[in-house]
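Bear in mind the structure is a predicted one, so any value in this text is a computation, not a measurement.
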Amino acid sequence: MTFEPTEDQAMLRDSVTRCLDQTYTFDTRRAVTARGGFDAAQWRSFADMGWLAAALPEDMGGIGGAAEELALLHEGLGRALVVEPVAAVATLAAQALRHADPARARDELPALAAGDRLLVLAHHEAGAAGALSQVAAKAETSGGVLRLSGVKLLLPGGPQADAFLISAREHGAVDDEDGISLFLVPANTPGLMRRNYRLIDGSTACDLHLDKVVVDASMRVGAPGRAFTALDDAHALATIATLAEALGVMDRALHTTRDYLLERRQFGVAIASFQALRHRIADMAIALEQSRAMLQHALRSLHVTDRAARRRELMLAKALVGRCGRFVGAQAIQLHGGIGMTDEYVIGHCFKRLMVLDQWLGDTETLWARAAETP
């Protein structure tokens, strides 16, 4: 089944493409990464365009878009190689807060949608690799004081965050779905330490170390120990955004490579006339279409009522798209030769972005294994 956008969805897709073509050129991207991987003016422009509010309901400052609109938006962001953490903030963190505590979200999320607040979900831990229930960070009460301890890893947008939505376990075993709570904690809270770093694609992330961080009970979001469902729903929608973004990057890599083969001449003819190279570009196109089909399958999977089955379908979709992304990126570099590895040329940036997207929310190999273990 091919997803045919409605008239409004087509207008959204075209407006995203036009806007980014004008304001987020490859030179702009290189300038952003040279300045640290985040541009506040660009972030504000994303908010002004309504992109940070795409998947939020109107009473939370959003525009009421569905997953299909989110996918169209992120495909455009991927094609432009945007490095700002739109999916991490406007989808993963925002949706986790929305589903965990709708009343709190109505107070907090309008500022996020307007670009005035940057909230990051701190959930991933060492060894979790996409297993949402694996939370070793502790929320312990002693002497009437609630403290958070643990380590959260690979948080895109973390260096710029002014608040973190932190998952911590109040009871249960380390991999129990029950017992996980969420806490909305300002980034400047004593005991909360960030280790900031750059990823290979020029974007920024951080690890978060929690050293007995004292939090007020009012910082708990939603019911104690009942955050897993909210995390599951947020992760599902963030996976859609990630798949769509990878699709956009692959599309750019394919068409850039095609244009290069048509322009590059060897022995007096365009190298696009060489049959072996034509076969390789055809294989890239097939991988792109496989990824597009998996995105459509993932969108349909959102309506599966069995949560375990939905997680399995999304894991398989992300694993396959991750594999296709690696293939497309590697073939693009091979077909370009040495120029494909230079920082001054777009193909290397495509490949690096695909590698980062593959690692976020669970890498290909781990997700294949987890999906095989899921009934």
- Message: Can you confirm whether E344 is buried at CD, in the sense that more than 12 heavy atoms of other residues, nucleotides or ligands lie under 6.0 Å from that atom?
- Response: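 Yes, enclosed.
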Looking at [Y] and [X], is there a salt bridge between them, counting it only when a charged N and a carboxylate O are closer than 4.0 Å?
| X | Y | value |
| --- | --- | --- |
| R307 | D232 | yes |
| R13 | E75 | no |
| R35 | D39 | yes |
| E313 | R310 | no |
| R79 | D21 | no |

- From L148, V221, L165, residue fulfilling side chain to side chain contact (heavy atoms under 4.5 Å, CB included) relative to V185: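 Answer after filtering L148, V221, L165: L148.
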- Item | Candidates V328, V249, D251 - the one meeting side chain to side chain contact (heavy atoms under 4.5 Å, CB included) with C350 |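 For C350, the side chain to side chain contact (heavy atoms under 4.5 Å, CB included) check succeeds only for V249.
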Look up atom [atom1] in [X] and atom [atom2] in [Y], then write down how far apart they are to the nearest 0.5 Å.
| X | Y | atom1 | atom2 | value |
| --- | --- | --- | --- | --- |
| Q359 | D201 | CD | CG | 11.5 Å |
| L314 | H297 | CG | NE2 | 8.0 Å |
| M49 | T23 | CE | OG1 | 8.0 Å |
| E140 | H171 | CD | NE2 | 13.0 Å |
| L72 | D8 | CG | CG | 11.5 Å |
| K152 | I166 | NZ | CD1 | 8.0 Å |

Between [Y] and [X], is there a side-chain donor-acceptor contact under 3.5 Å, judged purely by atom types and distance?
| X | Y | result |
| --- | --- | --- |
| Q9 | E68 | no |
| T25 | D27 | no |
| R98 | Q95 | yes |
| T364 | D358 | yes |
| D343 | H349 | yes |
| S181 | E170 | yes |
| Q331 | T257 | no |
| D259 | T256 | no |

Between [X] and [Y], is there shared hydrophobic-cluster membership here, with clusters defined by ILVMFWY side-chain heavy atoms closer than 4.5 Å?
| X | Y | value |
| --- | --- | --- |
| V83 | V89 | yes |
| L77 | L254 | no |
| F274 | I339 | yes |
| L154 | L367 | no |

Could you tell me if the side chain of [Y] sits less than 4.5 Å from the side chain of [X], heavy atoms only?
| X | Y | result |
| --- | --- | --- |
| L146 | D216 | no |
| V86 | T91 | no |
| I200 | M355 | yes |
| L335 | M284 | yes |
| I333 | M341 | yes |
| T204 | N196 | no |
| E84 | V32 | yes |

Give me the atom names and distance for the closest heavy-atom approach of [X] to [Y].
| X | Y | answer |
| --- | --- | --- |
| L52 | A47 | CD1-CB, 3.7 Å |
| V213 | P190 | CG1-O, 3.7 Å |
| A67 | L237 | CB-CD1, 3.8 Å |

- Which residue, H124, E125, H123, forms the side chain to side chain donor-acceptor pair (under 3.5 Å) with S167?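 The option that passes is H123.
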- Under the criterion salt bridge (charged side-chain N to carboxylate O under 4.0 Å, His left out), which of R326, K318, R323 is the partner of E365?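 Result: among R326, K318, R323, R326 is the only option passing the salt bridge (charged side-chain N to carboxylate O under 4.0 Å, His left out) with E365.
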- Query: Just by distance, do the side chain of D207 and the backbone of R195 share a donor-acceptor pair under 3.5 Å?
  - Reply: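 No; judged by distance alone, with no hydrogens or angles, the pair does not exist.
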